[in-house]
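Below you'll find the structure, written out as structure tokens, and then a few comments.
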Amino acid sequence: MNDFRTLFTKNNLFYSSTKKKVSVTSMTIKTDTATTTSYSGYFNVNETTNANLFYWFFEAQTNASTAPFVIWLTGGPGCSSEMAIFYENGPFKINEDLSLASNPYSWNLVSNILYVDSPVGTGFSYVEDPSGYSTNEVEVASNLYSLLTQFFEKYPQYAGLPFFVFGESYAGHYVPALSYYIFEQNKVSGVKKINLKGLATGNAMVYPKVQYGSLGLMAYSHGLIDELVLKETDGLYSACVQAIDSGNYNQSSEICNSIIDTISAAAGPFNVYDVTKTCPSDLPLCYNFTLAQVYLDQPSVRQSLGIPSNVQWSMCSGTVYQDIIGDWFDTEVEHIPTLLEAGIDVLVYNGNLGWICNFIGSEQWVRDMKWKGQSQFNKSQRQIFWNGPTIAGWFNTYGGLTFMNIQNAGIDGLNYSTASAPEFIQ
């Protein structure tokens, strides 16, 4: 890991685009081995509520003019994409002394990548009028689309690049919703088209009605529960499906989440993101993200990123969570067949050690999904994904749809299996 030689050139820019105020910070980030162009700031996505989405963009370290363009969305709902920048697939990590070290497996080695704090109110994003918080996926997608169109207007050099939507965890809702929204907007006459080529969900909650049914089997297959508890979870899942079908969110939440409670009570405090680990009692998310909070609270960092003085960063927003939580048991899976049949690639990938959004549930909804290639996909032969001489995972693919199970990886998938990440993103 190489220390950053920090910072950089800084230019704060303000301009108006269709009456929307935009703030942008430009930085050139230098490491021992590479120089990365970075932009961060805000785009106003709703003037009425003064809703502003924060983004942080990193240009590809190689072939930026032709490399794919990726938008990354973290789940929660309401958790900041800065977590992905520092702890997953971003260009650097935070050292204990708050200096930065480069990530040799950063996704921006081979792609231009845009991290967005979404929905509005997440991370550094903010909104003045509480009615501007998102309550459904159409609102989330509409706001993100507004940000993207403004971004490509400001930086037209990236506008025509192959465009991919990536996300993890609860972003299994956002990714297909945004992809379909872009697909529909591309049909509108006179609108500048986004060159949508594909979408990908990683250990994501895409179809809760199906995926809740995998929690018991996943726990049992790793020896976390016995057969008696497995049978108990099977009974709870049947009730969970009935509650979801009834459309009663409160009932669905109580019954379906009792599956999680039952398994947790029997298995103890295992790490739901990596079943091989124990979750420390003092860390609600099982990992210590304190360094990110301390780093992002520094005045020099806030100034470099263009953060207003009255905006505070939080890892996950309870307000955002509560406003959109009624959407939890819904699914955007119905959009995926339309996208596939339009020639847009779809990747569903899972680390095989993640429990809460696991590979068993993901594979089930993928195989159950009705589309013209369903039969052929389900008959496809599983192939091995190699990282040099090492098995990195396995995958099935047909007609633009790929399901990948990544070896020895947790819920953040490729970020555990880092050596294969740059090859994978290509």
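Basis for what follows: all heavy atoms, side chains included, without hydrogens, waters or symmetry-related copies.
The closest donor-acceptor contact from the side chain of S102 to the backbone of P104 lies at 3.5 Å or more, if one exists at all. A side-chain donor-acceptor contact under 3.5 Å links Y237 to the backbone of K209. S264 contributes no side-chain N or O that, together with a main-chain N or O of D261, makes up a donor-acceptor pair within less than 3.5 Å. A donor-acceptor pair under 3.5 Å is absent between the side-chain atoms of S40 and the main chain of W56, judged by distance alone. Under the 3.5 Å distance criterion, the side-chain polar atoms of N396 are left unmatched by any main-chain donor or acceptor of F403. In this structure a side-chain-to-backbone donor-acceptor pair under 3.5 Å is missing from Q364 to G213. Between the S111 side chain and the I113 main chain, no donor and acceptor come within less than 3.5 Å of each other. Between the side chain of S246 and the main chain of N248, a donor-acceptor pair closer than 3.5 Å is present. Without hydrogens or angle criteria, S258 side chain to I255 main chain gives a donor-acceptor distance under 3.5 Å. The main-chain N or O of V275 is never found under 3.5 Å from a side-chain atom of H222 such that the two would form a donor-acceptor pair.
Ring geometry for F92 against F58 counts as perpendicular: the plane angle is over 60°, on a 0 to 90° scale with 30° as the lower cut. Aromatic ring pairs are classed by plane angle as parallel below 30°, tilted from 30° to 60° and perpendicular above 60°; the pair Y55 and F43 is parallel. Taking the six-membered ring for Trp and thresholds of 30 and 60 degrees, W72 and F166 have nearly parallel ring planes, at less than 30 degrees apart. Note: Y87 and F289 have perpendicular aromatic rings, judged against thresholds of 30 and 60 degrees for the angle between ring planes.
The distance from the CD atom of E82 to the CD1 atom of I94 is 10.0 Å, given to the nearest 0.5 Å. Separating the OG atom in S169 from the CE atom in M205 is a distance of 7.5 Å, to the nearest 0.5 Å. We find the OG1-CG distance between T262 and L230 to be 12.0 Å, quoted to the nearest 0.5 Å. Distance OH/Y126 to CD1/I307: 9.5 Å, rounded to 0.5 Å. Note that the CD atom of E332 and the CG atom of N136 stand 8.5 Å from one another [nearest 0.5 Å]. With rounding to the nearest 0.5 angstrom, the CE atom of M83 is 5.0 Å from the SG atom of C316.
Between the side chains of S300 and Q298, no donor-acceptor pair of N or O atoms lies under 3.5 Å. A side-chain N or O of D97 and one of S99 form a donor-acceptor pair less than 3.5 Å apart. Between N143 and E139, the side chains place no donor N or O within less than 3.5 Å of an acceptor N or O (distance only, hydrogens not considered). Side-chain contact, N89 with Y115: a donor N or O sits under 3.5 Å from an acceptor N or O. Of the N and O atoms on the side chains of N112 and E59, not one donor lies less than 3.5 Å from an acceptor on the other residue. In the model, Q407 has a side-chain atom that pairs as donor or acceptor with a side-chain atom of N352 under 3.5 Å. For the residue pair Q322 and Y133, no side-chain donor N or O sits within less than 3.5 Å of a side-chain acceptor on the partner. Between the side chains of S80 and D117, at least one donor N or O lies within less than 3.5 Å of an accepting N or O. For the residue pair Q150 and S146, a side-chain donor N or O sits within less than 3.5 Å of a side-chain acceptor on the partner. Between the side chains of Q383 and W394, not a single donor N or O lies within less than 3.5 Å of an accepting N or O. For the residue pair Y249 / D327, no side-chain donor-acceptor distance below 3.5 Å is found, with atom types taken as modelled. Side-chain contact, N257 with Y212: a donor N or O sits under 3.5 Å from an acceptor N or O.
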Given V140 and S118, is the side-chain contact (heavy atoms from CB on, under 4.5 Å) satisfied, shown in steps? CA-CA 7 Å; V140 172; S118 177; 3.9 Å; yes
Full working for side chain to side chain donor-acceptor pair (under 3.5 Å) between E254 and N250: CA-CA 6 Å; E254 180 180 353; N250 290 331; over 6 Å; no
Assess whether side-chain contact (heavy atoms from CB on, under 4.5 Å) is satisfied between V333 and M369, documenting all intermediate values. CA-CA 8 Å; V333 75; M369 183 173 62; 4.0 Å; yes
Determine, step by step, whether F151 and F69 satisfy the ring pair (Phe, Tyr, Trp, His ring centres under 6.0 Å) criterion, reporting the C-alpha distance in whole Å, the side-chain angles of both residues, the deciding distance to 0.1 Å, and the verdict. CA-CA 12 Å; F151 183 92; F69 189 105; 5.7 Å; yes
Are N186 and I194 close enough, and set up right, to give a side-chain contact (heavy atoms from CB on, under 4.5 Å), and what steps lead you there? CA-CA 7 Å; N186 279 350; I194 294 174; 4.3 Å; yes
Pair I260-I356, side-chain contact (heavy atoms from CB on, under 4.5 Å): steps then yes or no: CA-CA 9 Å; I260 296 174; I356 196 65; 3.9 Å; yes
Begin from the C-alpha positions of S362 and N350 and carry the test side chain to side chain donor-acceptor pair (under 3.5 Å) through to its verdict. CA-CA 8 Å; S362 292; N350 284 74; 3.0 Å; yes
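The salt bridge (Lys or Arg N to Asp or Glu O under 4.0 Å) contacts involving residues 351-377 comprise E363-R367, E363-R382, where partners must be two or more places apart or lie in separate chains.
Residues P91 and N103 have side chains not in contact (no heavy-atom distance under 4.5 Å, counting atoms from C-beta outward). Side chains of L144 and L73 form a contact here, defined as non-hydrogen atoms less than 4.5 Å apart. Two residues are said to be in side-chain contact when any heavy atoms from C-beta on lie closer than 4.5 Å; I244 and Q251 fail this criterion. Side-chain contact check for F163 versus I182: some heavy-atom pair is nearer than 4.5 Å. With a 4.5 Å cut-off on side-chain heavy atoms, E137 and D330 do not count as touching. In this structure, the side chains of Y349 and F359 stay at 4.5 Å or more apart for every pair of heavy atoms. The closest side-chain heavy-atom distance from F329 to S253 is below 4.5 Å. Counting only heavy atoms from C-beta outward, the side chains of F395 and L347 never approach each other to under 4.5 Å.
Using a 4.0 Å cut-off between charged side-chain N and carboxylate O, D234 and K231 make no salt bridge.
Contact between T233 and G216 at its shortest, heavy atoms only, is OG1-CA, 3.7 Å. Taking both residues in full, the closest heavy atoms of Y174 and P77 are given as OH-CB, 3.3 Å, listed atom of the first, atom of the second, then distance. In this structure, P119 and G78 approach most closely via the heavy-atom pair CD-N, 4.4 Å. Residue T201 comes nearest to G172 through the heavy atom pair CG2-CA, 4.2 Å, listed as atom of the first residue, atom of the second, then distance.
Within the 6.0 Å centre-distance limit, the rings of Y155 and Y39 are counted as a close aromatic pair. You'll find the ring centres of F377 and Y398 outside the 6.0 Å limit. Annotation: Y170 is in aromatic contact with W328 [ring centroid separation under 6.0 Å].
With a 6.0 Å radius and a threshold of 12 heavy atoms from other residues, nucleotides or ligands, K193 has its NZ atom above the threshold. Within a 6.0 Å sphere centred on CD of E341, other residues, nucleotides and ligands contribute more than 12 heavy atoms.
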